[in-house]
Every structure is written in C-alpha cells, then in structure tokens.
Number of protein chains: 2
Amino acid sequence: MATAPSTRELAHPAREDIRLEGVLHALADPMRLSVVRDLAAADEELSCSQLVLPVTKSTTTHHFRVLRESGVIQQVYRGTAKMNGLRREDLDALFPELLDSVLAAASGQADRLGGS
Amino acid sequence: MATAPSTRELAHPAREDIRLEGVLHALADPMRLSVVRDLAAADEELSCSQLVLPVTKSTTTHHFRVLRESGVIQQVYRGTAKMNGLRREDLDALFPELLDSVLAAASGQADRLGGS
DNA sequence: CGGTTCGTACGATACCCATCGTAGTACGGC
DNA sequence: GCCGTACTACGATGGGTATCGTACGAACCG
C-alpha cells in the first residue's frame, strides 16, 4: 500500500469557482475543443479511451485534467474506466449561451474548412 | 531610406481566415479580455493610450497585436494615435452569439466577484 | 528645426504548457 | 494470486508567450 490513498475521488472546482478565463483557455486548444465537441454530441458520459485523440495517452490525461480543473467537464471512476461528462448545468448557469455559441462556432468552422 | 517603408498600414486577417481557437486564445487572457470589454462598452474606436492597462507600453503593444492578428480588433492610424475597434460584424458573421455571450459572461463574473 | 507624444522593434528573461516516454497504481477477470 | 487493461505520475524537452527595458520612428506643435 505505502502511498495507497486510493482516493478514487477527483477534485472538481465548485460552480462558483469556475473562472471564465480558465474556461476560454481550456476551449482554446484544438484537442480539448474536440473532446468537448464529442462529449456534447454524445450527450452521455464517455470513457477516456472512447475519445480517441492523435496524441499519446499521457497527453490525453493532461488535457482531461485541464478540462476538469477549469470546470468544463466532470469525471468519475467506474471500475477501471474514467467517465467524462460536460458540466452543462454549471456552465449554462454561470455563462449563459457561452457553451452553445462555442459549439456552434466550432461546427460552423468545421463545415467551412471542409466538413471534417 | 534604409528601413523607411513607413507602411502606415496594418495587416489584418481576412474574415474567412479568422480561426475560432485564435479568438478564444486571444480572449482567454485577462488583459486582452479587459480591452475587448472596454471597446465593446465604448462602441467607438479608442486609441491605445485611452485603454490603460497595468503593464508597460511594450506589453500593451504586444496584446493589441495579438488581438489584431487573431481577428478580434481592427486598427488604423489616425495621426500619431492608433485607433482600435472591435470587428463585430466579422465575428458575428463567423461565430454568431459568441462575442455577446463572452461579454455577458465577463460582466456577470465581474459582478459576482465584486463589481470591479 | 527641436521637442514632445504616441507607438514600435528588438533583445532578454522567466514562466507556462503541449508533448513524449517510462514506470507505476487501481481494478476486474481468469 | 496473476495478468491485462485503464489511467496516472514524473521527469524531460521544446516551443510559445507575457513581461520588461531601452532605443528607435512617425507625426504634430511650437
């Protein structure tokens, strides 16, 4: 055991601690924006491994941490998997329309640049 | 002559070259977000020196350049002053609601944190 | 022309951060 | 108990960037 805190709980910022600059910074990265788009499209919790990114797993872990610590997503362990979900209610309460307009902007830009 | 191009013209990205990640990155910085809020509130062109930031002039120049190159603001010389204006039309055309929701979010957060 | 004001250019510095590789921990199944 | 899977932790590395100071260029005003 030694370390063995095995806290199996993940620290999330409270709703009122979510900062706009942090959210914008989190969404400004193409990788993270892609994750958020996938989560919004799925509309249910997805495990980290279901969200395939063109980077190594360590980097993926890093991006999920940034998203969680900025308050954009919530994460919870389910067995060995870590499930990810958007914090839609919190974000909509704090910054109405923001998430939707960013998602719409991302979709529109994807269409414009070649529907990828 | 040597250097002396004195182009007095500033390079701006065309509307279709404005990228969402670039805009989000530009807005994610507190200094730059503050500038954008002031420009939106003024609703007219402001000179660089009217927008006082708690940093040196060189740093201010840097932030204005980031905002211009990301497509958030337009700049034009008028005599010795350089006037700054939001590219509202371009941004609204590309990313409807985005600018407004970010501005509203910034206002809301400012109120929540102590109306500064 | 000389001075003043406004903004730029350039170099330096220090920090942040996206990425990787490797080694390790947690959980479930055999 | 042992192995495989899922994710993490840590250190290294390279590039980006926010900041400063100083020196410069451009325009207006006497």
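Computed from a prediction, not measured in an experiment: that's the story for all the values here. We use all heavy atoms of the structure for the numbers below, so side chains are in, but hydrogens, waters and symmetry mates are not. All chains are named by letter (A, B, ...) in the order of the sequence lines, taking the proteins before the strands, and each is independently numbered beginning at 1.
Taken to the nearest 0.5 Å, the CG atom of B/L39 stands 10.0 Å off from the CD atom of B/Q74. Atoms CG and CZ, from A/D43 and A/R88 in turn, are 7.0 Å apart once rounded to the nearest 0.5 Å. If you take CZ on A/F64 and CG on A/N84, they are separated by 4.5 Å, rounding to the nearest 0.5 Å. The structure places CE of B/M83 at 11.5 Å from CD1 of B/I73, a figure rounded to the nearest 0.5 Å. The CZ atom of A/R112 sits 9.0 Å away from the CZ atom of B/R19 when rounded to the nearest 0.5 Å.
Between B/S49 and C/dG7 there is a side-chain polar atom (N or O) within less than 4.0 angstrom of OP1 or OP2. Contact annotation: A/R65 reaches the phosphate of D/dA9 (side-chain N/O to OP1 or OP2, under 4.0 Å).
Protein atom CG of A/L51 is 14 Å distant from nucleotide atom P of D/dA6, rounded to whole Å. For the pair B/E9 CD and D/dA27 P, the computed distance is 12 Å after rounding to whole Å. To the nearest angstrom, P of D/dA26 lies 14 Å from CG of B/L10. Note: CE (B/M83) to C1' (C/dC6) measures 12 Å, nearest angstrom. At whole-Å resolution of the value, CZ in A/R68 and P in D/dC7 are 13 Å apart. One can place CD of A/E21 at 15 Å from C1' of D/dA18, the figure rounded to the nearest angstrom.
A heavy-atom distance below 4.0 Å to DNA chain C is reached by these residues of residues 69-79 of chain B, ordered by number: B/Y77.
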Under 3.5 Å, which donor-acceptor pairs do the side chains of residues 45-56 of chain A form with other protein atoms, sequence neighbours left out?
from, atom 1, to, atom 2, distance (Å)
A/E45, OE1, A/R78, NH2, 3.4
A/S47, OG, A/S49, OG, 3.1
A/S47, OG, A/Q50, N, 3.4
A/S47, OG, A/Q50, NE2, 2.9
A/T56, OG1, A/T59, OG1, 3.2

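Ion pairing between A/D92 and A/R87 fails under the 4.0 Å rule for side-chain N and carboxylate O.
Enclosure of atom CZ in A/R15 by more than 12 non-hydrogen atoms of other residues, nucleotides or ligands within 6.0 angstrom is indicated.
In terms of hydrophobic clustering, with Ile, Leu, Val, Met, Phe, Trp and Tyr side chains grouped at heavy-atom distances under 4.5 Å, B/L27 and B/V66 are assigned to different clusters.
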Protein N or O to nucleotides 15-22 of chain C N or O, pairs below 3.5 Å:
from, atom 1, to, atom 2, distance (Å)
C/dA18, OP1, A/R32, NH2, 3.2
C/dA18, OP2, A/R32, NH1, 3.2
C/dA18, OP2, A/H62, NE2, 2.6
C/dT19, OP2, A/H63, NE2, 2.2
C/dC20, OP2, A/T56, N, 2.8
C/dC20, OP2, A/T56, OG1, 3.1
C/dC20, OP2, A/T59, OG1, 3.0
C/dG21, N7, A/S58, OG, 3.2
C/dG21, O6, A/S58, OG, 3.1

